[in-house]
Participant: 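One structure follows; several queries about it will come next.
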Amino acid sequence: MISARVRLFEKTDQEEAEQPSLLGQAGPVRFHHRHHLHQSPSETQANVLEASLEIQNTSAEVQSVEVSFSTSASPDPSTRHQYLYLPLNVAGFAHDKRFSSLGMSEFLGDCNVELDGQDFDCHYLEPMASFPNERQTRALLLVPVVDISAASSSWHVGLFSASDSPMRFRSTVGSDGQRAWTAGRVIELAPGQSITESCWLVLHQGDASKAWKAFHEFGHEEEFEPIDWTRQFKVHYYDFLSSAEGENGVRGNGYDADSKHFAEFHVGMATQHGYYPHLGDFIRPDRATWNAMPGSKQGPASMSTEIMRRRIKDTRDAGAKAAIYMHLTLIDDASELFPRFAEGRRVGTDGKPMRFPWTGPDVEGQCWWMSIAYKPWRDHLLQQARWMMEILEPDAICVDETFAGIGYDEAADRYGPLSSYAIEFFRDLRALVRSFGNDKAVFTSDCSRSAFCLWGDGDVGDHAYGTSLGNPLYSQAPVRYLAALGDKAWRPCAWHFRHMWEPQMKLARQVGAGVGVSNGWIEYDGLHALPETERARMIRDIESILD
């Protein structure tokens, strides 16, 4: 059974303000509690209990309400001792300082958690997004799912909530020694507004992936039909406007040298990256030619829409799909667009705009972290995407470093969590790209650090580093990022593709993912200049994972 409660919330030093309430009413807020029993597609009998609250603000004022769902369901009710398997953000074991505002230094890294007498909290999305008085967490979840087991039982209890809502999951031990779980958050209701909130409990015998599958079936609404080709290819080529002459050559012609080898390496999608004059200013209809890579030691590269369109054609002629790169929040202040968007820079706890620590060859000035909460910036990115689709006609857009959609903006007029704006952006971006054809895709990135792939068609982030793919916890079974991906494709880019080839292949075989090959950053031989022995081994390995 799942009980539910609604009460008015006051933002004071005490997190909760108790108020007496009548059944079905808390002050001016009315609510109605329902239960519904579902059956997972993989089960032979009903095993998912949905608890829903229909909530209405009957007043003429905004009301802050705390909504919570509680259960004492346990694999073994006779003990408070429980084991959890949590789909944790890898920022914990990677010590990713980009999540410092959410408590990164205390993040758990191991998905296995053992509970005995202690209470426990974990959060999906920013803690402040669930409760205004909370800023940090020890367990940052990729998806809102907690899977509970006990040594004495083969049954698991999974508790999950909706994908587009932040949530805090709290476990406490009562005076009777029993452990209970509560999923809750604070919501602001506009005058007259009505909403429905839900929480689900799933019983299963298996590992945590069973609870993840139930979450994708009931807790997440997939807005578009899947695209077959996004799941069919296994090799993703990423070009950072490389040079055919290697690390010390003038950039710009590496893609052409490598594309001749796409077929033999079974490349299924190739992404053009680094082609723009400045980060944040990717393409314009009135700009036919430009200089890219302004920070390259060998000098800039000459680029044009004609070159980009020809490379898209060459890619398709080689049997692969063509994608174009975009960054979610980066802007180079050397761009002539910078003054237009400077006020939308994300603000840190020191009250100053946040610098973004990237100084690659595609940077001329200083990079800044734009706030996805700043609507003019979201509109700008959508316009950039529209021009990409209109001018270049690619098969996909790949959005880099989407983890930047989680965190806080301290600007007074945007104060608070970013994730709701990022979800809105990805929904809008996917709808825009799909308007150009039902087979046009949006790929997000970094699905081990954020779950925005829920609103995309797959994920292409880079993980080919010792701090992520090289850490045994990264491939810990069941692999955490599959909780977010579901059955969508994981086709990483990989700048360190040669050095990390064995871990790439190991994970690809373990979970059916793909592998990344690349040119132009960290490694500079691309495909065309690989030693013959290495080339032959890689092709054999790739062919071993093809359907």
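The first residue of the sequence shown is numbered 1, and numbering continues consecutively from there.
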Participant: Quick one: side chain to side chain contact (heavy atoms under 4.5 Å, CB included) partners of Ser475, sequence neighbours excluded?
Facilitator: Leu507, Gln510
Participant: Is the Trp369 to Phe356 ring centre distance short of 6.0 Å?
Facilitator: yes
Participant: Side chains of Asn519 and Asp258 only: does a donor on one sit below 3.5 Å from an acceptor on the other?
Facilitator: yes
Participant: Which residues satisfy the side-chain hydrogen bond (donor to acceptor under 3.5 Å, both in side chains) test with Asp147, sequence neighbours excluded?
Facilitator: His156, His204
Participant: With Gln136, which residues qualify under side chain to side chain contact (heavy atoms under 4.5 Å, CB included), at least two apart?
Facilitator: none
Participant: Could you pull out all residues at least two apart from Glu225 that satisfy side-chain hydrogen bond (donor to acceptor under 3.5 Å, both in side chains)?
Facilitator: none
Participant: With under 30° as parallel and over 60° as perpendicular, where do the rings of Tyr481 and Trp490 fit, or are they tilted in between?
Facilitator: tilted
Participant: Under 4.0 Å between a Lys/Arg side-chain N and an Asp/Glu carboxylate O for Arg98 and Glu401?
Facilitator: yes
Participant: Quick check for you: to the nearest 0.5 Å, what is the distance between Leu141 atom CG and Leu125 atom CG?
Facilitator: 9.0 Å
Participant: Can you sort out the partners of His380 under side-chain hydrogen bond (donor to acceptor under 3.5 Å, both in side chains), two or more places apart, ordered by chain and number?
Facilitator: none
Participant: Check whether the side chains of Glu306 and Ser304 place a donor and an acceptor atom closer than 3.5 Å, and report yes or no.
Facilitator: no
Participant: Evaluate the criterion side-chain hydrogen bond (donor to acceptor under 3.5 Å, both in side chains) for residue pair Asp110 and Gln476; output intermediate values, then yes/no.
Facilitator: CA-CA 8 Å; Asp110 191 331; Gln476 180 183 32; 2.7 Å; yes
Participant: Could you list the residues that satisfy side chain to side chain contact (heavy atoms under 4.5 Å, CB included) with Ala396, not counting sequence neighbours?
Facilitator: Trp229, Met269, Ala323, Ala441, Phe443
Participant: Just to verify, what does Phe452 make a ring-ring contact (aromatic ring centres under 6.0 Å, His included) with, not counting sequence neighbours?
Facilitator: Phe426
Participant: Listed by chain and number, what are the salt bridge (Lys or Arg N to Asp or Glu O under 4.0 Å) partners of Arg316, not counting sequence neighbours?
Facilitator: Asp395
Participant: Does a salt bridge link Glu534 with Arg498, judged by any charged N lying under 4.0 Å from a carboxylate O?
Facilitator: yes
Participant: Quick one: does any side-chain atom of Glu523 pair with a main-chain N or O of His499 as donor and acceptor, under 3.5 Å?
Facilitator: yes
Participant: Could you tell me which residues satisfy ring-ring contact (aromatic ring centres under 6.0 Å, His included) with Trp455, sequence neighbours excluded, listed by chain and number?
Facilitator: His220
Participant: Not counting sequence neighbours, which residues clear side-chain hydrogen bond (donor to acceptor under 3.5 Å, both in side chains) with Gln504? List them please.
Facilitator: none
Participant: Taking the basic N atoms (NZ, or NE/NH1/NH2) and the acidic carboxylate oxygens, is any pair closer than 4.0 Å for Arg434 and Asp457?
Facilitator: yes
Participant: Could you tell me if Thr349 and Glu410 have a donor-acceptor pair between their side chains, going purely by distance under 3.5 Å?
Facilitator: no
Participant: Classify the ring geometry of Phe403 against Phe99: parallel below 30°, tilted from 30° to 60°, perpendicular beyond 60°.
Facilitator: tilted
Participant: Does either side chain, that of Ser165 or that of Tyr124, offer a donor lying less than 3.5 Å from an acceptor on the other one?
Facilitator: no
Participant: Are Glu502 and Arg537 close enough for a salt bridge, meaning some N to O gap below 4.0 Å?
Facilitator: yes
Participant: Which residues pass the ring-ring contact (aromatic ring centres under 6.0 Å, His included) test with His95, sequence neighbours left out?
Facilitator: none
Participant: Among residues at least two apart in sequence or on other chains, which ones pass ring-ring contact (aromatic ring centres under 6.0 Å, His included) with Trp358?
Facilitator: Trp521
Participant: For Phe233, does the six-membered ring have the charged nitrogen or CZ of Arg491 within the cation-pi criterion, i.e. under 6.0 angstrom from the centroid and within 45° of the normal?
Facilitator: yes
Participant: Could Arg135 and Tyr408 be counted as a cation-pi pair, given that NZ or CZ must be under 6.0 Å from the ring centre and within 45° of the axis?
Facilitator: yes
